[in-house]
Amino acid sequence: MRERIAGLFNNLPIHRKLLLASFIPLVALIVLSVMTYQSIQTFSQDEEQLDSLYVTQKNAAEYMRLVVDLETGFRGYVLTQQYRYLRPYRVAQEGVAAVGHDIAGRISGEQSNRFKDIQNLVVQLVTEKETLISAIKNGHQQDAFHYIEEGRGRELMVEIRREMGIFDRFEQQSVAEKLAQLSQDRTSTLFVVLGGGVFTFGLMVGALYLIARAIAAPLLSLATAVGSSPAGLVPAIPVLARTDEIGDLTRVMHGMSTQISGHLHQMEQSEAALRQLNEHLAVSEAKYRGLVDHAPFGIFTTKGMQITFSNRYNQELAGLDPNDPLDPDAFRARIHPEDRDRVLSEFSYAVTQGQSCETVFRFLHKDGGMRKVLSRRLPIDGGDGASQVYVGFNVDITALEDLQSRLTRSEHLAMLGQVAAGIAHELRNPLVGIGSTASLLLDDFSNDDPRRIDIDVILKEAKRLDRIVNQIVDYARPRELAPVRFDLAELIAEVVKTLDVPLQAKQLGLRTSLSPTASHVHADRDQIKQVLLNVVHNAIDASPAGGADIDVTAFELSSQERPGIVVLVKDAGIGIAPEVIARVFEPFYTTGKRHGTGLGLAICRNIIEGHGGDIHMTSELGTGTAVRIWLPLSQGSQRGKG
């Protein structure tokens, strides 16, 4: 019978099992709630009755106190015969009536009859007092004195006290009985709550047991069967002979395990082929990555305008650390400000048209160095209809551009050297003749002769032409370097001393900040001094009188893995326009000096490049100009590139 009932319960759907298992404790909980509510109501009524008894006792005490106040007020009035002593009597009289009415409304039965007798005695007492008060007002004070002396009011007071004592004892007995009843009701309520709770808890445990046996136990057996299966094998799912959802679940899982076993067998057959394919793919990927990472040119990909991949060499071209994560915005920031808008505009147009793009621009590094690159980007089919995908190649043409520039300049210098040699040969002899003749003529004229002024002009112009010829020859001739180890700080001090007069004339100062590396520079000291003299002198000319000091800074900086030093000369002068600064190192180009030939900075560039260094200038109108000179720390005896 028990097994049959269990079988019927197991075959029920799960939601009916849950409803049936929860119905019994739910009914018990409702019954317990009703019984608890009734017990609490009874307990609350007992508390209210007890509160009423306490209030009645309190009012009875107040009633007796008012009766005493009434007697005391009357005696005070009789003895003083002043109306103001009659006020406590009137207040007590009103209070006796009000409190007596409240007490009468709270009591019933025998206590109500007893209190009515007390009220009658009080009324009799008040009536006597009122009669005597009226007699006093009519001039018969002796009646009141006789009343007090004979103690007639005292007998009524004694009777009232005796009756109130009996009333109070009955009230105290009622309070004790009600407290006992309250304790009994509390015990009954606790029994109902605890007993009913235990009974309901037992029913709930029984319901949970039924649910666990009918639902949780088969699920646990199913989980055990699945968990006990060896790793890598599909477990054998037992089919339960039940018609509920759990039975259906075991049958479905059994069918699934059979299908999965078949699929696993097929996967095992293809796993070997897939593993071999992955090995070939990994080898190919390693070769590809090795080629890309170690290629001697930059390789990158973009999606739309955003860089998605860059090899190590491309990040080095941009002046970025190849070990850092890819930062697309960093590449844009490294494009030279003068080229950035043009490059982005050209590439944006190419992306819009789906065309290839080829351009030349410069990467500006944090240390001020630049790399000129030839960039070519080719569109490839993304295959998903999204933003156009490009593969790009950046080739470093800095050295090529530099070689072309040097070759062109060398050719120009060679030609200029030949021309300069011819000019010097053809001009110096006439200039010597002109100078000698002018000097002889100058001696023939007296000091007050007005023609001496014209002869002086001839002599000055002849000397200026001779100086120009010497500068042209100096610019064009090849330079022999005589490198020595010297202290740059001492050399700068000599330059400042040499230019002391123009510095003082403009009330300018010169600040230096040199690193320890500056104490052992290896270069041609005289030629470097000539460069510094020219650069600092230009800074003095550009600075306003009484302006900010000229800053000369030197710090160590390697370039292309070659240790070197940077000398930075900054002024706060008027600055140079962008269209002019690109030509400041060209020979015979001057920015407006009246006595300049335009060869000073061109000679400086020849000297620095002859040392294997570089020099360039940055400026901003109204802010000032900075000349940056980089020199290698070590030099071999070499013929300078003229």
Side-chain angles (χ1 to χ4, degrees), residues 27-74 88-89 91-129 153-203:
V27 172
L29 183 62
I30 294 173
V31 173
L32 175 62
S33 300
V34 173
M35 294 176 63
T36 302
Y37 176 76
Q38 292 178 349
S39 298
I40 292 174
Q41 286 291 102
T42 303
F43 186 75
S44 299
Q45 292 175 2
D46 291 342
E47 284 186 333
E48 291 176 359
Q49 294 175 4
L50 185 60
D51 289 340
S52 179
L53 289 173
Y54 280 137
V55 173
T56 301
Q57 282 187 324
K58 179 181 176 183
N59 288 345
E62 178 68 14
Y63 186 80
M64 190 63 208
R65 186 187 65 78
L66 290 172
V67 172
V68 173
D69 289 346
L70 186 145
E71 179 67 22
T72 304
F74 171 75
Y89 170 81
V91 173
Q93 185 179 5
E94 294 175 0
V96 165
V99 174
H101 179 72
D102 183 77
I103 294 173
R106 291 180 178 275
I107 59 179
S108 61
E110 185 179 353
Q111 283 290 84
S112 177
N113 295 330
R114 182 175 290 107
F115 187 70
K116 287 180 180 179
D117 294 338
I118 295 172
Q119 284 182 310
N120 292 332
L121 292 174
V122 173
V123 170
Q124 181 180 351
L125 181 65
V126 171
T127 302
E128 291 179 355
K129 298 296 188 289
R154 187 176 301 166
E155 295 176 357
L156 282 175
M157 285 296 296
V158 170
E159 183 65 19
I160 292 172
R161 287 180 186 275
R162 186 181 67 80
E163 291 294 332
M164 284 299 295
I166 296 172
F167 179 83
D168 187 59
R169 284 194 296 273
F170 272 98
E171 286 297 315
Q172 290 180 355
Q173 183 179 357
S174 298
V175 169
E177 292 175 354
K178 190 54 67 178
L179 285 173
Q181 181 65 35
L182 186 64
S183 176
Q184 183 178 357
D185 291 342
R186 183 187 295 113
T187 302
S188 176
T189 302
L190 289 175
F191 177 77
V192 170
V193 172
L194 294 177
V198 170
F199 179 71
T200 304
F201 178 75
L203 291 177

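On a predicted model such as this, the values are computed, not experimentally measured, just so you know. Atoms considered below: every heavy atom in the structure, side chains included; atoms not considered: hydrogens, waters and symmetry mates.
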Subject >> Distance in Å, Met64 CE paired with Ile160 CD1, rounded so as to fall on 0.5 Å steps >> reply: 6.5 Å
Subject >> Gap separating the CD1 atom of Ile103 from the CZ atom of Arg106, nearest 0.5 angstrom >> reply: 9.5 Å
Subject >> Any residue meeting ring-ring contact (aromatic ring centres under 6.0 Å, His included) with Phe115, in chain and number order, not counting sequence neighbours >> reply: Tyr63, Phe167
Original post:
Counting only N and O atoms by type, is there a donor-acceptor contact under 3.5 Å from the side chain of Ser188 to the main-chain atoms of Gln184?
Top reply: no
Original post:
Looking only at atom types and distance, does a side-chain atom of Thr127 sit under 3.5 Å from a main-chain N or O of Val123, one as donor and one as acceptor?
Top reply: yes
Original post:
Between the side chains of Arg169 and Gln172, is a donor N or O closer than 3.5 angstrom to an acceptor N or O?
Top reply: no
Subject >> Closest contact, heavy atoms only, Glu62 versus Val99 >> reply: CG-CG2, 4.1 Å
Subject >> Separation between CD1 of Ile118 and CZ of Arg162, rounded to the nearest 0.5 Å >> reply: 9.5 Å
Original post:
What residues, two or more places apart in sequence or in another chain, satisfy salt bridge (charged side-chain N to carboxylate O under 4.0 Å, His left out) together with Glu94?
Top reply: none
Original post:
Measuring from Ile166:CD1 to Arg161:CZ, what's the distance to the nearest 0.5 Å?
Top reply: 14.5 Å
Subject >> Taking every non-hydrogen atom, the tightest pair across Glu163 and Arg114 >> reply: OE1-CG, 3.9 Å
Original post:
Which pair of heavy atoms, one from Ile107 and one from Ser112, lies closest together, and at what distance?
Top reply: CD1-CA, 3.7 Å
Subject >> Nearest heavy atoms of Leu70 and Lys129, plus distance in Å >> reply: CD2-CG, 4.3 Å
Original post:
Distance-only, no hydrogens or angles: does the Asp102 side chain make a donor-acceptor pair with backbone N or O of Ala98 under 3.5 Å?
Top reply: no
